[in-house]
Amino acid sequence: MSFAAFFSLYTRNMTTSFSTLPVVDVSPLKQPHPSRRDVERLSRQLYDVFATTGFAYLVGLPFSFDHDEIFDVTKEFFAIPLADKMRLAKHSFKHRNENTYRGYFPIQPHLASDNLKEGFEIGNPSIDHPSSSSDTRNSLKINLSEPNIWPSKVAFTAQARLEEMYVELQMFASKLLSLLAISLGKKADFFSSWLENSLSTLRLLHYPPVPRGPRSVSEQTEVKLSCTPHTDSGILTLLHQDATGGLEVLNASGDWIPAPYIPGSIVVNIGDLMAKVSGGRFTATMHRVRAPPPRPQQSGDLEQNFGRFSIPFFFEPGEDCVVTPIDGEGESVVYGEHVRKKMATWVEFQEDSGYDTGSTEDS
Ligand SMILES: O=C(O)CCC(=O)C(=O)O
Ligand SMILES: [Fe+2]
């Protein structure tokens, strides 16, 4: 399909041509029992942003950790030598490893030069992993409900803290989901059953700087990406990003709107599933990430340029959860099936990536 045809399909449900992303102050959610007035106001505000931009900045966050702490943890992980990170690699990158869904994925320059990123993914640290259905899951190759895999406590000292961050992000996302239920005219707990054995993923991401060689005229105007345009699959995504910049969000006019870091904020966006459940009231907005520039942007900046770090938290239902649009119109989907279909398009889940034969293979 041409980009024009694809774009016209994509924008059909999109209502506005925004030029900046709205900012929503969620500080009332720091209270265990926010006032009714605050709940109503926040649910209206969230409805408005998710029905228009599909993306917003959230400030006034209720977490026990701040921006610096979550990025320190992330940088500690990526500083682990590649050979040790490869011991945590998913099966498709290291065939002798059993983990298929959780763990590390390396940069894959041989697969796609516009998706240059390495990542480490964890799921619910205290999930009750069902062993009875593992046969079925093994036959489907990717085990969505597998346990987490970790570096040694010597190589990575922040496992417990990262697990706490996961739990806090899940709790916060659950509060947002209650507000969305209210905004759709439902009771606050309308979607609660989705969260049984939730597959939510906390993903640490590192995009290295991309070298730009001598460039032809067309290359100078070409946009270099490190994450290709996509929508997220789940309910919603909470994104911590550093100050490198590069995230861009597509508006209804076809313009890519930059979404740089605002101090103290995270970014929230609606995923495919929530857009579908809302009967198209909410929009899952296309986004992409520009490749980090090869040199520090400010002259005289002697700090080493590591590229971009970001930490999306993908808030997702359980694998077996049957999700039905609230209007009763449109088909129900089993979340695990929805995610497996979508996975076929993710570079980090391409089978036989060729990595297992590379020089990074440990012995
Ligand atoms: O790194 C970012 O800012 C965005 C990452 C993203 O969109 C994703 O992993 O789905
Ligand atoms: Fe995304």
Side-chain angles (χ1 to χ4, degrees), residues 10 14 21 50 53-58 67 70-71 73-75 77-78 90 101-108 111-112 114-123 165-166 169 173 199-210 223-251 256-263 265-276 282-293 305-316 338-339 341-350:
Y10 164 68
M14 197 178 226
L21 296 184
F50 290 142
T53 55
F55 258 82
Y57 292 102
L58 301 182
H67 188 263
I70 195 167
F71 281 96
V73 168
T74 303
K75 288 173 190 167
F77 177 85
F78 288 113
K90 300 173 195 218
Y101 193 54
R102 304 308 185 186
Y104 176 69
F105 62 88
I107 297 162
Q108 300 169 76
L111 271 189
D114 51 3
N115 252 323
L116 294 178
K117 58 189 174 199
E118 58 176 335
F120 177 63
E121 296 179 304
I122 65 163
M165 291 172 181
Y166 179 105
L169 285 158
L199 289 178
S200 295
T201 296
L202 180 58
R203 169 187 269 191
L204 312 184
L205 274 177
H206 172 222
Y207 305 88
V210 174
V223 175
K224 231 158 158 32
L225 297 179
S226 281
C227 175
T228 45
H230 67 280
T231 54
D232 295 342
S233 324
I235 303 170
L236 51 84
T237 304
L238 300 174
L239 177 81
H240 282 79
Q241 59 169 333
D242 71 7
T244 306
L247 176 64
E248 294 182 333
V249 178
L250 190 60
N251 76 7
W256 287 102
I257 305 301
Y261 174 59
I262 295 180
S265 74
I266 60 171
V267 170
V268 63
N269 63 283
I270 284 289
D272 297 335
L273 188 79
M274 196 67 211
K276 190 176 166 74
F282 298 149
T283 173
T285 308
M286 190 74 75
H287 51 286
R288 69 181 188 181
V289 180
R290 278 184 186 247
N305 178 14
F306 289 108
R308 174 181 171 84
F309 293 94
S310 72
I311 310 151
F313 176 76
F314 300 107
F315 183 50
E316 297 175 66
H338 162 76
V339 101
K341 266 190 212 144
K342 189 105 193 234
M343 208 178 266
T345 65
W346 298 342
V347 71
E348 57 275 22
F349 284 98
Q350 302 302 308

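The basis for the numbers below is simple: all heavy atoms, side chains too, and nothing from hydrogens, waters or symmetry mates. Starting from 1, each residue takes its place in the sequence as its number. Numbering of ligands and ligand atoms starts at 1, following listing order.
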Handout entry: Close N or O approach (Q241, ligand 1; < 3.5 Å)
Key = no

Practice task
Could you tell me whether F77 and F120 have their ring centroids closer than 6.0 angstrom?
Solution key: yes

Handout entry: Per-atom contacts of ligand 1 with P312, taking only distances under 4.0 Å to non-hydrogen atoms
Key = 9 (O)

Problem - Residues Y104 and E118: side-chain donor-acceptor under 3.5 angstrom - result: yes

Exercise for the section: Would you tell me whether T201 and R102 have side-chain atoms, one donor and one acceptor, within less than 3.5 Å of each other? Expected result: yes

Handout entry: ligand 1 contact on V267 by region, counting heavy-atom pairs under 4.0 Å
Key = neither

Handout entry: Test item: L238 and P312 side chains (from C-beta on) under 4.5 Å apart, heavy atoms
Key = no

Handout entry: Which of the ligand 1 atoms, numbered from 1, are nearer than 4.0 Å to a heavy atom of H230
Key = 6 (C), 7 (O), 8 (C), 10 (O)

Exercise for the section: Could you list which atoms of ligand 1 come closer than 4.0 Å to a heavy atom of V289? Expected result: 1 (O), 2 (C), 3 (O), 4 (C)

Exercise for the section: Tell me which protein heavy atom sits closest to atom 9 (O) of ligand 1, plus the residue, atom name and distance to 0.1 Å. Expected result: R203 NH1, 3.3 Å

Practice task
Check whether any heavy atom of K117 sits under 4.0 Å from an atom of ligand 1.
Solution key: no

Problem - ligand 1 atoms in contact with H287 (distance to a heavy atom under 4.0 Å) - result: 7 (O)

Exercise for the section: Please confirm whether the backbone N or O of F55 pairs with a side-chain atom of T285, one donor and one acceptor, at under 3.5 Å? Expected result: no

Exercise for the section: Output the atom name for the N/O/S atom of D232 with the smallest distance to the Fe ion (ligand 2). Expected result: OD1

Practice task
Answer yes or no as to whether an N/O/S atom of H287 is found below 2.8 Å from the Fe ion (ligand 2).
Solution key: yes

Exercise for the section: Decide whether S233 and K341 meet the rule of one side-chain donor and one side-chain acceptor closer than 3.5 Å. Expected result: no

Practice task
Please confirm whether R308 comes under 4.0 Å of ligand 1, counting heavy atoms of the residue only.
Solution key: yes

Handout entry: Between D114 and T228, a side-chain donor and acceptor under 3.5 Å
Key = no

Practice task
Could you walk me through whether H206 and F306 pass ring-ring contact (aromatic ring centres under 6.0 Å, His included), step by step?
Solution key: CA-CA 8 Å; H206 172 222; F306 289 108; 7.3 Å; no

Completion exercise
Of F314, Y207, Y261, F309, the residue with the heavy atom nearest atom 5 (C) of ligand 1 is Y207

Practice task
Determine whether R288 and L250 make a side-chain contact, defined as any pair of heavy atoms from C-beta on separated by less than 4.5 Å.
Solution key: no

Fill in the blank from the handout: Atoms of ligand 1 under 4.0 Å from any heavy atom of L239, numbered from 1 in the order shown, are 2 (C), 3 (O)

